[in-house]
Structure formats: structure tokens, C-alpha cells
Protein chains: 2
Amino acid sequence: MCGMDDASAAPPRRRQKTVSGERQATLRDVARAAGVSQATASRVLNGSIRNVRQENVDRVLAAAAELDYTPHLSAQAIARGSTNTAALVVSGVDDPYFSSIAGGVTEAAEAAGLIVTMAVADRSPERELQIVRTLRGMRPRAIILAGSRIDDPGTRDALAQELDAYREAGGSVVLISQHDLPFHTVSIDNYGGARQLARALVGLGYRRFAMVRAHVGLKTSRDRCDGFMDGLGEFNIDIEERFVVKAEFNRRGGSAAARELVRRGLDGTELVFAVNDVMAIGVMTAFRDAGLVPGQDVAVAGFDDIGPAVDVVPELTSVTVPLRRVGLHAMELALSDDHASRIVPVSTNVVLRGSTPRR
Amino acid sequence: MCGMDDASAAPPRRRQKTVSGERQATLRDVARAAGVSQATASRVLNGSIRNVRQENVDRVLAAAAELDYTPHLSAQAIARGSTNTAALVVSGVDDPYFSSIAGGVTEAAEAAGLIVTMAVADRSPERELQIVRTLRGMRPRAIILAGSRIDDPGTRDALAQELDAYREAGGSVVLISQHDLPFHTVSIDNYGGARQLARALVGLGYRRFAMVRAHVGLKTSRDRCDGFMDGLGEFNIDIEERFVVKAEFNRRGGSAAARELVRRGLDGTELVFAVNDVMAIGVMTAFRDAGLVPGQDVAVAGFDDIGPAVDVVPELTSVTVPLRRVGLHAMELALSDDHASRIVPVSTNVVLRGSTPRR
DNA sequence: CCCGCCTCGGAATGCGATTTCCGGACCTGA
DNA sequence: TCAGGTCCGGAAATCGCATTCCGAGGCGGG
């Protein structure tokens, strides 16, 4: 399954400037031009089961090419009762985290012959709710939510209800990573990855940590913090309150947090763990601006292992999350019309690099 | 390949009564539940000009909420004769260049109440053509092409014709950056920026250059090369053939090119100009892996000034392109129903950073 | 008090497709 | 030659919604 339209597959496209102007050619136009009925034209153009005499096939195809006909997808959707779109909701496109996921999703979607429509929720729960509401109107085959949404009980319930109504009507819903709602979920092991990371870092000889995290309501951030803390806990290591700083979940936030840490006084802190790579990179840059050499004066670790992690100096220690594959899985899950809500776990993997040298 | 044949042939069955539950509520259902006619319900729900008695308004609204009604966008599109979607075609989502543009586009689109559907062409002209064809079927208000497409005369004409037919039918087309086709265009001054960059670098004392470029057919790359060459030409500086290497238009390509340069022998080359930042970053990393310190042993400059440019060490000298704004402009252009094809120039701006210290 | 105007609800029509249903042509075997 | 089956084309019904058109009341002015 895939491909877009069979019309283009059959005849070499003819170039002929449409004189008509204004209106797109409709199926009726094609039928008339070919001297057949609409039904026949439809049968030819959508590759229906029924056969049409070869002569008519040719005439319809020719007419369609001549008129530059493109089937009206909305009309098809209405007539067929189903569309071939999938909807993707992300928190932001600029963020490599989401664009990697989006890459996977679109790849899988196009392989399945689906068109993907994308919306950006900007980490606002209300916005996300509104988006889902609108998207539902398109009657997509699936809605994939990739947002690291802030957990607000009120809008969360509203969202759940909205999604439920959608699924009830035959759509499929896939959540990525952190939603604890009863839908298909691609679950990223944030807690486990962070915990492993903590262990590995202690193994390298680190003992005194600081942490850069996001808003408490952001589940992804929370899980990673908890995992990291618990990992340290295994060695009876704790992080003092003053070495935990909250910031925006992006590069700027990371920089701001690092400056704040410097202001408060690093006081022998050996390593800063930022809950995602973009923040970690922000931290490194801010440290350098403050005259500290990352990896040397103070180690830094992140989470996600986005592409740029290996472009910074020193290369960033992180936890690999196969984001592209997460997107692929999400789409597969969406397409498998499995009615029970399944959870596909995606494991994470610590990668130690130059930003956390052995002590 | 994969014709859509499968997709359309797959569900021959008529409207399915979903095992689990009900259809989506339709306007008729709402009207019935509210005890009014469909017309009245429609008038209430889409905010028509005509007034409806308050009592009926309330009843319709209540019924709609009760039934979890969402208007069927396709049906609306058909009835109204116009949709509220905009289509965006990019070469790849992972690339920060495109995701920045996409960010601008979606921002502007959502501000205008449009839903954006995105497709990825993977730098394949045929794929792009096919995508445009499919997208046209959605009858979007606008199609924005942001791909740095490879210039292949054949498919380019086909694309032009396709776009022309679309515009003829009332849609608006916006090209970003490098298409020399008669449509609205947001034009990035690649040539001028590169030329300025060359001048600035010579000003810093550089005399011996190497260049990392993409496939000749990629206009963006070509323009930047030409600009850079001409800029050097002003000072009677030339680049030997063996110091110009072609590579893929991405990070991997940059690394590969750098390795190739090292293999050929740098021979006193002072600075490597890569035609975009992701390649430049790849170049820096590869140099470092080869034991060369970027900015010290050999300077590096890029183009685009994407976010990560300031996260690498040393910070990358580049040419700023306001990508997000490019996206915004594109959308504005798309929405302004100006029938003459306009060109909105976007200027670029050299930023010198640590990767090109004064010699 | 009557008549026209204004307001508002409902039936009908149309949008661009798909699909069902029916009927005519052709084929085949008896 | 005729009955029965197969093949294929066309008329028409839908799909979910917007909108036009028409008619029924309510209202105020003459």
C-alpha cells in the first residue's frame, strides 16, 4: 500500500495548458470529455474491481491527462467514508527531538500512502486540546500525539475524552512517550535510561552532581529526574536542593540554568545532568562563556542523543533514544487496527562520550 | 512505487458500523437531537450571518456538546468549495534548515486558522512532483515549496505545469529560495551573502581556500559557490579544482568531504567554506577526528546560521538567513491573493565567529 | 384593521466523488 | 432459437454539510 495516484502511473503526462481557467476539472468533466458516464470514469480512475472495456479506459485516461484532472480528496473522503490522512501533533518543529520523530512518522506514513498533517502545540495543553478538536474534523485515520505535554489534570481529562470519542468513531490514537492515558503508546524508557546513566556516571568516578530540569508538570522531565535520582540513590548519593535548577525545556533554558548554577556557586560540583540534550548543549555553551571548560572543569550529560550531540566539543554523553524509530513505531501502531490499547516499549541506551571523562 | 491502488482497493465495504460503537455524530444527528432542522443547526454551529432564536441556539449547542459533534471538514470543504489547509513540501524534516522554515510556516498558518499538511520530498524531483500532484487533490489554499530541489529540466517542466494548473484553478503557489519559476517567491540572497562572506574572509587575512559544495544541480549550492568565487575574484583569488569537493547536502556529506580533502592533502589551505552549516559542522567534526583543530589549524565557514552553529567549538562563522521569517513571509505571500507573481527578497548577513579568527 | 416588512425555520438543492442497481449486449449450451 | 449467465455502461442514490429559496409568523405604520 502506498503510492499516490494511479492516474500518474499509467500514461506519460501530457502537457497542454488548460485554457479554461478558474475551475479545477471534475470527474464529470472528464467523463464528458471521454464520452462516458461518471461511473465509468470513476471506475477507471480509482482502479475499482470492476472491469472497463480497454477502449474506454484509454479514452478516460487520455481525457484526464488532457484536463489535468486531480481527484478531489475531500469528495473522495466523503463518498468513501474514510480519508487517507494521518495527523501528528508535536510541541515544536524546531526541536530536533520532535523533528526526528516527525521524520519517522512521515516516512512510515508515506510508505503507507498517507498524507500527514502536522500541528504545533507549543507546549500548551489548551492549544493541544484545541488542535485535537480541529484535527478530528479531518477524520484522519490516526492521530499521533508526540507532545511532552504539561500535566494539567483539567485539560488532560478533556483531552482524554476528546480522544476517546475519536477512537470510538473508528480512529486510532497513538501517544508517544509520556501520556498515561489508555491509548496505544510508544513508551520511551526515560526512567530506566536516566537511572542507567546515573550508575554509569558514578562508575566513572563522579560523586557530586547538579541537575537541570524542566517544569515539574512535564512528565518526561520528571521521569528522567526520578530515574537519575534513584540511580544515584543506589550509591547513597543525593543532590542538594540548591543544585537542582528548573528552566525552560529548550536550549535557552539550559543556558539560563547554567548561568544560575554559576551564580549560586558550583561549589565542587563535578557533573551537571540536563534532562535533555538541547538543554545540555545550552549548559555547555553557557559554561564556556563563563570561562569553564566543559568536560574538564565540569562534566555535562544530557538525554536523547540527538544528532548535534556529537558535533559539540567535547562530544556529549547522553542516553540514546531511537527517535526516528519511535516515529515509525507510532505509525505502525496507528495502522494496526488492534483494538486493545497496546504499549510498545522503546529501550534507551547510555553512551559515554568526552563530556564526561573518567575521573 | 506502491500504487495507491491497494489503498483504494482495500476497503470496498460500505460504511462500517464499528463493532465498538457509534459513528461520528453528523450535523443531522445534532439537528434531530435538538429538535430543529439541519439548516438551523448549521447556522448555529458555523456562525452564519443569519440570526437564530436564542432558545434554538442553546439547544443546538447543547446537543452538539452532548454528541461530541465535530464538523466534517471534508464535507465542509465540498459544500463551501474551499478548504482551510495549506500544504508545505520540504526536502527533509530532520534538517534544521527546513524545520526552521516549517516552524515559521506553521506559526503563520495557525495564526490564519489554517491546517498545514507537510510532505517530505527527500531531494527527489520525481517524488516532489508526485507529492504536488497528490497535494493538489486536497485543494489547499496554498502550496509552499521549500525544497532545495535538484534542477532536472524534465521534471522541472512537469512540476511547473502542475503548479500552473493548480494556480489556474485558484490556488496560490509560493516557492522558497531557489526556484526560477514564475510564481510567488521568497528569495534568499544566496549569491550576495556568499560574496559578502568571501570579502569578509579575505578581509580577515585568508588567501587560500577550499570549498565543500553539493551536487551541481542544486541551485542553492550553485549560487553560494558562485557568489563565493566571485567574491574571491574581486581580490584575484581563485580556488584550485582539487580543493573543491562535492558531497551530499548534509552532515555526513560534510564529513566525507573533509576526509577527502585531508586525503588529497590540505597543502596550506587556510579556510574551508562549506555551502551550508550542517555540512560545515560535519567538516569540523571530521577535521577534529583527523587531528586538526578547527579554527586553529584550518578555519571553517558555513552558511545559514542555524541554531547549532553557536554550539560548536569554535563557534561557526556563517551567513545568517532568517529562516523562521522566511517561513512567515512565505505564508503571508500565499495568503495575499496577489495575482501577479511577486518576489520577496530576504537579505542575508555575514556573522564572523571563532571558526575564522583573524590571521 | 390591514398590509408590507422583517425575522427566522425548514425543505430543497448542490458540491464532487463512489457505489448500487438495473438493463442491454454478448456468449454459450441445449 | 431460446434460456441463462457474464460483462459492462449508465442512471441514480448517497455521503455530510452549506446555502438558497420559500413560507409562516410577529411587528409596526398608515
Side-chain angles (χ1 to χ4, degrees), chain A residues 5-7 22-32 34-60 64 67 69-84 136-139 169-170, chain B residues 4-5 7-17 22-32 34-60 64 67 69-84 136-139 169-170:
Chain A
D5 62 335
D6 29 80
E22 287 315 302
R23 212 175 44 99
Q24 280 270 20
T26 78
L27 186 60
R28 178 146 74 220
D29 299 330
V30 174
R32 222 175 342 234
V36 300
S37 78
Q38 248 190 83
T40 302
S42 171
R43 288 195 264 252
V44 169
L45 293 173
N46 78 355
S48 130
I49 327 276
R50 281 199 38 180
N51 289 334
V52 175
R53 204 195 322 158
Q54 187 57 41
E55 183 200 332
N56 281 338
V57 171
D58 295 340
R59 297 176 57 174
V60 169
L67 295 176
Y69 169 76
T70 313
H72 193 305
L73 261 31
S74 290
Q76 285 195 155
I78 268 205
R80 291 215 251 250
S82 79
T83 66
N84 54 305
R136 202 143 86 76
M138 305 190 69
R139 304 291 188 273
Chain B
M4 167 188 255
D5 311 63
S8 45
R13 59 178 186 283
R14 196 66 178 170
R15 175 160 306 293
Q16 49 181 352
K17 278 214 180 157
E22 318 109 36
R23 280 172 317 128
Q24 278 270 21
T26 78
L27 186 59
R28 176 144 77 216
D29 299 331
V30 173
R32 218 167 354 225
V36 300
S37 80
Q38 245 189 85
T40 302
S42 171
R43 288 194 265 253
V44 170
L45 292 173
N46 77 355
S48 141
I49 325 280
R50 280 196 39 177
N51 289 333
V52 175
R53 203 192 322 158
Q54 187 57 42
E55 183 200 332
N56 281 339
V57 171
D58 295 340
R59 297 175 57 173
V60 169
L67 295 176
Y69 171 76
T70 313
H72 194 306
L73 261 32
S74 291
Q76 286 194 156
I78 266 206
R80 293 203 171 120
S82 79
T83 66
N84 55 306
R136 202 143 85 76
M138 304 189 70
R139 305 288 188 272

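In what follows, every chain begins at residue 1, and chains take the letters A, B, ... in the order their sequences are listed.
Counting non-hydrogen atoms under 4.0 angstrom, A:Leu27 reaches a base of the nucleic acid.
Of the candidates D:dC17, D:dG9, C:dG9, D:dG9 carries the atom nearest the A:Asn56 side chain, counting heavy atoms from C-beta on. Nearest nucleotide to the B:Ala75 side chain, out of D:dC17, D:dG9, C:dG16: D:dC17. Listed nucleotides: D:dG9, C:dT18, D:dC17. Nearest to the side chain of A:Thr40: D:dG9. Of the candidate nucleotides C:dT18, D:dA11, C:dA11, C:dA11 has the atom nearest to the side chain of B:Ala39.
Computed from coordinates, the A:Arg23 CZ to C:dG16 P distance equals 7 Å when rounded to whole Å. Between the CD atom of B:Gln38 and the P atom of D:dC15 there is a distance of 11 Å, given to the nearest Å. Rounded to a whole Å, the CZ atom of B:Arg80 is 16 Å from the P atom of C:dG16. Rounded to whole Å, the distance from CZ on A:Arg28 to P on C:dT18 is 14 Å. At whole-Å resolution of the value, CD in B:Gln54 and P in C:dT7 are 17 Å apart. Separating the CZ atom of B:Arg136 from the C1' atom of C:dG16 is a distance of 15 Å, rounded to the nearest angstrom. Between the C1' atom of D:dG16 and the CG atom of B:Leu73 lies a distance of 12 Å, rounded to the nearest Å. To the nearest angstrom, C1' of D:dG16 lies 15 Å from CG of B:Leu67.
The 5' end of DNA chain C is approached more closely, in terms of each residue's nearest nucleotide, by B:Arg53 than by the other of B:Ile78 and B:Arg53. Place B:Val36 and B:Ala79 on DNA chain C by their nearest nucleotides, and B:Val36 ends up nearer the 5' end.
For A:Gln76, a side-chain nitrogen or oxygen approaches OP1 or OP2 of C:dT18 to under 4.0 Å. When the side-chain nitrogen and oxygen atoms of A:Asn51 are compared with OP1 and OP2 of D:dC7, none of them lie within a distance under 4.0 Å. At D:dA11, none of the side-chain N or O atoms of A:Ser37 fall inside 4.0 Å of OP1 or OP2 (strictly under the cut-off). Contact annotation: A:Asn46 does not reach the phosphate of C:dA17 (side-chain N/O to OP1 or OP2, under 4.0 Å). Between A:Ser42 and C:dA17, a side-chain N or O to OP1/OP2 separation shorter than 4.0 Å is absent.
Minimum interatomic distance between A:Leu27 and A:Ser42 (heavy atoms only, all atoms of both residues): CD2-CB, 3.7 Å. The two residues A:Val30 and A:Ala64 make their nearest non-hydrogen contact at CG1-N, 4.0 Å.
Put simply, OG1 on B:Thr70 and CE on A:Met138 are 13.0 Å apart, with the number rounded to the nearest 0.5 Å. Between the CZ atom of B:Arg139 and the CG atom of B:Asn84 there is a distance of 15.5 Å, given to the nearest 0.5 Å.
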- [ ] In sequence, state the C-alpha distance, the side-chain angles, and the governing distance for B:Glu55 and B:Asp58, and then conclude on side-chain contact (heavy atoms from CB on, under 4.5 Å).
- [x] CA-CA 5 Å; B:Glu55 183 200 332; B:Asp58 295 340; 5.7 Å; no
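With hydrogens and angles ignored, a donor-acceptor pair under 3.5 angstrom links the side chain of B:Arg43 to the base of C:dG10.
A side-chain donor-acceptor contact under 3.5 Å links B:Asp29 to the backbone of B:Thr26.
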